[in-house]
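Worksheet: the structure to be examined is printed underneath.
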Amino acid sequence: MTLTFLGTGTSVGVPQIGCTCDVCRSTDYRDRRRRCGAYVRVGALGILIDTPPEMRLSCCEYGITKVDAVLLTHAHMDHVAGFDDIRRFNTINGEIVPCDPNCECTRGKTHRVIGKVMPVYAMKETEDQMHNIFPYISDKGGVNGLYRPQIQFSNDETIVLADEAKEKVEIERIKVEHSFPCCGYKFTSRGKTLVYISDCHELPLQSLEKIAGVDVLILNCLRDRPHPTHLNTEKSLKYSKLINAKRTFITHMCHDFSHVQWIERLPQGVEPAYDGQVIEL
Ligand SMILES: [Zn+2]
Ligand SMILES: [Zn+2]
Ligand SMILES: [Zn+2]
């Protein structure tokens, strides 16, 4: 199993529009933080976690061309506003069919693409919010081409996905507190475990029990100062210690600290993530 960070920044991204601080002006590529999302690969399976606004750029830059399923943590715009770009994966996964040359609708084309519906896993509340934000999405394609994402929601709390070679991954929803319907995900494959929690200000006890001792923990850490809906450094490190993962990566960072500054101030076993970083396990 591998995970690629598509973005590691907070909701406004880093650099922030109009900010001239040292981090926003940094030339270290690890200080450029797009909005949070990730890509998990298990065998031939490709799974997107969230569809952030810069998802298209990250997919192009990191060579992500295969997506079999999408998991949504929640419907805040920094996590879903790239959702329309699912269309491209409907096409890639779709079928090329020959056109009837006598049919007027083909306008001289010989072939056309029938998009494949993308399975999207999310909480029911998130699904409802997505239909309000994107009223045109459905499991049906457009009549005149692939101009809207074709998606099929599922609210299952635990799912098992497998590729053609039967390489499997179990994905379990993890409850989090973010003052908004939101969740994290736990991935288990070949006895290895990875947890992804990009947004929360608190973790319920039952979630802590579920994720104790995982191999890799990805946890949000906004800044030092407290925030009503995000973990700050103190709380994030408190949870990281309680969960006692083999490796912890922090994400959803603002511009208060550079990558190098984070490395210097985090304890052993806790690392700042950066856009494009790949974790193998
Ligand atoms: Zn967020
Ligand atoms: Zn700044
Ligand atoms: Zn959020």
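Indexing begins at 1, ligand by ligand and atom by atom, following the structure's order. Everything numeric here is computed off the predicted structure, so don't read it as measured data.
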When Arg173, Glu127, Glu125 are each screened for side chain to side chain donor-acceptor pair (under 3.5 Å) with Asn155, the one that passes is Glu127
Look at the aromatic rings of His230 and His252 and report parallel, tilted or perpendicular, splitting at 30° and 60°.
tilted
Check: Below 2.8 Å, any N, O or S contact between Cys36 and the Zn ion (ligand 1)?
Finding: no
Here the N/O/S atom of Asp78 closest to the Zn ion (ligand 1) would be OD2
Q: May I ask you to check if any N/O/S atom from His76 comes under 2.8 Å of the Zn ion (ligand 3)?
A: yes
The atom of His79 among N, O or S that is nearest the Zn ion (ligand 1) is NE2
Vertex the Zn ion (ligand 2), ends Cys21/SG and Cys24/SG: angle to nearest 10° comes to 110°
### Task
Answer yes or no: is there an ion pair linking Glu170 with Lys186, defined by an N-O contact shorter than 4.0 Å?
no
Item to complete: Evaluate the ring pair (Phe, Tyr, Trp, His ring centres under 6.0 Å) criterion for residues His201 and His227: first the C-alpha distance (whole Å), next the side-chain angles of each, then the deciding distance (0.1 Å), finally the verdict.
Response: CA-CA 8 Å; His201 62 273; His227 187 280; 9.0 Å; no
Whether His252 has an N, O or S atom under 2.8 Å from the Zn ion (ligand 1):
yes
* **the Zn ion (ligand 3) contact by Cys182, N, O or S atom under 2.8 Å** => no
Row for the Zn ion (ligand 3): angle OD2 (Asp199) to NE2 (His74), 10° precision, value 90°
Handout entry: Metal site the Zn ion (ligand 3): N/O/S of His230 inside 2.8 Å
Key = no
The angle formed at the Zn ion (ligand 2) by ND1 of His255 and SG of Cys19 is about (to 10 degrees) 110°
Geometric class of the His76/His178 ring pair [parallel <30°, tilted 30-60°, perpendicular >60°]: perpendicular
For Phe257, does the six-membered ring have the charged nitrogen or CZ of Arg223 within the cation-pi criterion, i.e. under 6.0 angstrom from the centroid and within 45° of the normal?
no
Kindly assign one of parallel, tilted or perpendicular to the pair His74 and Phe180, based on the angle between their ring planes and the thresholds 30° and 60°. perpendicular
